[in-house]
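First the structure, in the form of structure tokens, and then the observations on it.
Quantities reported herein were computed from a predicted structural model and do not represent experimental measurements.
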Amino acid sequence: VVVSGSILWRRPNPTNICSRREITMVSHSREHSRPRRSSASASLAVVAAALFTHRADLALATGNDSSTWDVKARKGRRIRVESTVSGVDGNIGSSSNSSHKKKVNLLVKYKSSLAHRRNLEIIESGSADHNWQSHAAAMSTISDTQHIAAVEIDALEENLDLILEEMLADDGIELVEEDFAMYKYPYNRIEKSEELHLRHNRNLQDQPTSNTTMIKDHRSLVEQQQYSIEQIQADQVWSLTNSRRNRYPNTPVGVCIVDTGYDKNHEDLPKSGLTGTNTGYGSAFVDKDGHGTHCAGVIGALGNDLGIVGVNPNPSKFKLHISKSLNNDGMGTASSVLKGIQGCIESGSKIISLSLGGGEHSEIFSEMYQDAYNKNVLVIAAAGNFGLFRDDYPSSYPQVISVGAVDRNGNRADFSNWNDQLELMAPGVDILSTTPGGGYGSLSGTSMATPFVAGVAALVWGYFPQCSNQQIRNVLALSAKSMVANSKGCNRRTGFGLIQAKDAFDMLDKYGCAAGGNDFDPPNKGAVGGCDQPLADLTALPPINTASFTSDSSGNGCQKLFLRMLTDGYAYETSWELTQVSDGEVLMTGPPRNTNFEDGTDYNRPASKCLEPGTYAFTIKDIYGDGITKPGYYSISLDGNTLATNSDFGSSETTQFTVSEPSSSPAGSSKWESLLFDDFGNGFGNNFYDGGVDAMYAGDKFGRNGLVVVKRGIGNGEIASIYSKN
């Protein structure tokens with residue numbers, strides 16, 4: 001049968017095996033069915049009709065938004081099925097060896113691993129005896145757990161009907177589908193930026209004046225990345241978690257990018273802890289197209305004062321796995337993408353980012369995504385760049401979060417696809433990121449929006465690792481900034497709205513994983529997608545953490561560093577950072593990354609969140625080396641005491657200071673003290689009269705495991721007080 005334009009053969013009931021001439025064709029655009037012609041030519045006509053759709057998709061993959069498909073331009077493109085490469089003469093999925101012979105590349109799902117292995121052994125040994133396996137030129141495994149393989153059939157054209165009948169009659173085969181084309185989602189060309197490095201050049205006083213002018217004139221390029229980081233509130237999560245590291249411990253989350261590869265030599269990308277899957281296109285850590293490296297920069301470009309910064313600038317807080325499923329032209333096949341996804345799952349990644357598309361609905365893909373969802377994996381995919389109401393795949397599967405794009409003003413990009421499955425929006429216009437060879441460039445598209453959502457999911461999930469994929473998904477939707485005025489805050493043009501990292505973090509911090517609703521059994525039953533995704537009712541949830549971490553005072557002597565600064569006429573030269581001396585970690589910077597201060601402006605603002613006891617260093621810098629021209633100056637203070645003030649600090653000036661433990665507890669209160677560490681998987685045990693496991697299970701009451709402290713005192717209220725510091 002043909003389902004939604006994708007060629008699919010499902011084995012009929014073994015008690016009533018029918019020939020292909022009795023199988024009806026079901027079209028996505030028709031509600032009725034009609035008998036099929038029995039000849040081989042009729043069958044091939046159906047194949048050709050469906051494959052024409054994929055040729056149209058290939059034309060779109062070139063970035064051409066025209067509705068006229070250039071089929072001839074695709075002639076001669078090479079298509080692979082795992083290790084087999086076939087020359088294509090105008091058709092995707094089949095090729096001509098002679099005037100009467102055809103090669104057809106298929107996806108086959110077996111009913112069991114035993115059937116899978118048996119067929120693989122027969123085909124590899126060449127021991128098949130006058131059955132469909134004797135026409136299989138090659139077979140390779142895509143997924144052992146899902147029993148999926150890629151099979152290349154090489155047979156006379158007039159025998160294809162009989163071969164497919166034999167495959168359907170095979171007791172070990174569940175599904176047979178075409179191995180169709182898939183591709184990256186581009187929208188515009190990369191604009192290279194060689195000047196980007198100049199923003200961080202510490203020796204500009206030795207450069208010609210024209211270079212300094214170039215930096216200032218180039219501010220619009222440097223700001224492109226930062227608008228997106230601030231727009232999704234990622235920087236607010238950094239500031240909070242860096243200033244409260246004891247309160248918010250992190251568990252690194254695995255993120256997998258299925259794309260064109262990754263430039264591991266780029267100075268602005270993580271290099272350690274990388275793993276990869278080679279699906280047949282070479283090393284995962286070579287990217288000659290650039291699309292995959294660009295997506296990787298959005299997720300995790302390093303916070304190293306070079307180039308740009310990603311959603312996760314600290315590489316110790318996430319792990320990257322790269323599946324190279326697209327070739328150097330950004331093209332691939334269903335089999336290569338399936339193998340890449342399988343590699344993601346096997347690597348232990350919790351998040352899969354798919355900035356690609358192609359083909360129509362596939363039962364084999366659908367079952368793969370259901371399996372991933374049931375294994376607590378969150379899959380995120382681009383909605384597509386045609387600006388149309390249409391179902392593109394893989395983003396339109398219920399188990400996949402479909403992502404659209406917004407511009408710097410928060411408006412839906414006109415190229416962003418929309419449909420009933422659209423769930424979230426993210427920045428996708430003029431996104432500056434990493435490119436192969438150590439470069440940087442701008443791209444627009446839902447391909448760029450997708451890694452922003454994947455990056456935010458990793459950023460938030462790492463602090464709430466006990467939550468399920470369903471709960472993280474629902475919290476991202478529930479905390480999104482709605483772009484519509486209806487009661488649900490969601491529609492099929494913009495989904496639940498623009499993703500907001502800090503709001504999602506706060507929601508989980510306040511209500512725990514319950515903010516994401518209850519899990520289903522099996523989990524994929526809770527995957528509906530779009531505006532129908534089942535979200536929790538927060539009004540029915542009791543807060544588990546009522547402490548305000550944004551308050552100036554926590555009751556424990558909160559101390560903040562304050563900065564007063566009057567900039568001169570060259571404010572773009574000035575920047576500052578606050579670090580913790582013990583480990584050198586940067587806690588806060590100014591101006592916000594990849595923006596500039598305004599000329600002649602008086603700034604008076606906090607330069608930190610609440611500082612825990614320890615030693616800190618505040619460093620102010622001037623890239624030209626002449627400080628701040630008077631009457632400009634800077635001044636920092638702690639608890640009203642001035643620590644430093646200056647104008648003529650040259651290239652930089654560093655001031656160290658120490659924050660001490662509070663000298664005393666508030667009157668009438670006892671001191672909090674640590675009694676024990678435990679994960680409290682079985683309640684609080686014999687240490688407390690807690691009413692049992694169900695009454696005080698840490699996962700439900702506190703939203704995270706960790707240190708629990710008890711305040712000892714003489715009053716019953718104090719004796720009963722329990723506080724979760726972590």
Side-chain angles (χ1 to χ4, degrees), residues 3-4 8 10-11 107 109-116 142-148 174-175 177 251 253-256 258 337-354 361-381 391 393-402 420-421 423-424 453-454 457-458 460-461 464-478 496 508 512-537 541 681 694 697 699-700 703:
V3 178
S4 302
L8 161 71
R10 184 184 290 274
R11 186 179 182 276
L107 303 174
K109 181 166 185 175
Y110 294 91
K111 292 183 177 179
S112 67
S113 58
L114 178 62
H116 181 190
I142 293 175
S143 171
D144 282 319
T145 58
Q146 289 294 297
H147 322 310
I148 303 171
E174 172 65 24
L175 284 170
E177 290 183 7
T251 300
V253 174
V255 183
C256 181
V258 181
V337 173
L338 282 167
K339 192 169 184 179
I341 294 170
Q342 182 63 34
C344 297
I345 296 172
E346 292 175 354
S347 74
S349 296
K350 302 288 287 292
I351 298 165
I352 301 177
S353 182
L354 301 171
H361 185 278
S362 158
E363 283 298 312
I364 289 179
F365 266 105
S366 178
E367 292 178 14
M368 173 71 86
Y369 293 129
Q370 291 179 49
D371 177 66
Y373 211 85
N374 290 337
K375 291 177 177 175
N376 204 30
V377 176
L378 195 60
V379 184
I380 302 162
D391 292 337
Y393 293 91
S395 63
S396 292
Y397 292 103
Q399 296 79 22
V400 178
I401 297 178
S402 178
D420 292 330
Q421 289 297 122
E423 200 158 325
L424 289 171
V453 174
V460 172
W461 206 349
F464 303 91
Q466 71 276 22
C467 299
S468 68
N469 57 345
Q470 171 86 353
Q471 290 170 326
I472 294 297
R473 175 183 189 171
N474 288 352
V475 166
L476 294 181
L478 196 57
F496 287 99
L508 287 166
C513 298
N518 297 322
D519 286 326
F520 289 73
D521 186 19
N524 75 80
K525 285 189 176 180
V528 179
C531 295
D532 292 329
Q533 182 66 19
L535 306 183
D537 179 7
L541 297 177
D694 293 336
Y697 180 59
D700 293 336

Under the rule for ring-ring contact (aromatic ring centres under 6.0 Å, His included), what residues qualify as partners of F496, not counting sequence neighbours?
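Per chain and number, F496 pairs via ring-ring contact (aromatic ring centres under 6.0 Å, His included) with no residue.
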Any side-chain heavy-atom pair from [X] and [Y] closer than 4.5 angstrom?
{"X": "V400", "Y": "Y393", "value": "no"}
{"X": "L107", "Y": "I142", "value": "yes"}
{"X": "V475", "Y": "F464", "value": "no"}
{"X": "V377", "Y": "C344", "value": "no"}
{"X": "K350", "Y": "N469", "value": "no"}
{"X": "I345", "Y": "Q146", "value": "no"}
{"X": "P394", "Y": "V379", "value": "no"}
{"X": "Q533", "Y": "Q470", "value": "yes"}

Nearest 0.5 Å, please: how far is [atom2] in [Y] from [atom1] in [X]?
{"X": "K339", "Y": "I148", "atom1": "NZ", "atom2": "CD1", "result": "12.5 Å"}
{"X": "Q471", "Y": "L535", "atom1": "CD", "atom2": "CG", "result": "12.5 Å"}
{"X": "Q342", "Y": "T145", "atom1": "CD", "atom2": "OG1", "result": "4.0 Å"}
{"X": "S395", "Y": "I401", "atom1": "OG", "atom2": "CD1", "result": "11.5 Å"}
{"X": "D537", "Y": "L478", "atom1": "CG", "atom2": "CG", "result": "9.0 Å"}
{"X": "L378", "Y": "S353", "atom1": "CG", "atom2": "OG", "result": "10.5 Å"}

Taking all atoms of both residues into account, what is the closest heavy-atom pair of [X] and [Y], and its distance?
{"X": "A514", "Y": "A536", "result": "O-CB, 3.8 Å"}
{"X": "P465", "Y": "T251", "result": "CG-OG1, 3.6 Å"}
{"X": "L508", "Y": "C467", "result": "CD2-SG, 4.0 Å"}
{"X": "L476", "Y": "A457", "result": "CD1-CB, 4.0 Å"}
{"X": "W461", "Y": "N376", "result": "CH2-O, 3.6 Å"}

Stepwise side-chain contact (heavy atoms from CB on, under 4.5 Å) test for Y397 and Q370:
CA-CA 9 Å; Y397 292 103; Q370 291 179 49; over 6 Å; no
CA sep, side-chain torsions, deciding dist, call: Y110, H147, ring pair (Phe, Tyr, Trp, His ring centres under 6.0 Å)
CA-CA 5 Å; Y110 294 91; H147 322 310; 8.4 Å; no
Only counting residues at least two apart or in another chain, list the ones meeting side chain to side chain contact (heavy atoms under 4.5 Å, CB included) with S349.
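Result, side chain to side chain contact (heavy atoms under 4.5 Å, CB included) vs S349: C256, H321, S347.
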Listing, residues 517-528 side-chain donor-acceptor contacts under 3.5 Å, not counting sequence neighbours, or none:
| from | atom 1 | to | atom 2 | distance (Å) |
| --- | --- | --- | --- | --- |
| D519 | OD1 | S468 | OG | 2.6 |
| D519 | OD2 | S468 | OG | 3.3 |
| N524 | ND2 | N374 | OD1 | 3.0 |

Got a donor-acceptor contact below 3.5 angstrom from the Q399 side chain to the Y369 backbone?
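No.
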My understanding is that only one of E177, E174, E367 makes a salt bridge (charged side-chain N to carboxylate O under 4.0 Å, His left out) with K109; could you say which?
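Result: among E177, E174, E367, E367 is the only option passing the salt bridge (charged side-chain N to carboxylate O under 4.0 Å, His left out) with K109.
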Run the numbers on D420 and D391 for side-chain contact (heavy atoms from CB on, under 4.5 Å), then give the verdict.
CA-CA 8 Å; D420 292 330; D391 292 337; 5.9 Å; no
When you check the gap from the basic side-chain N to the acidic O, do E423 and R473 get nearer than 4.0 Å?
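Yes.
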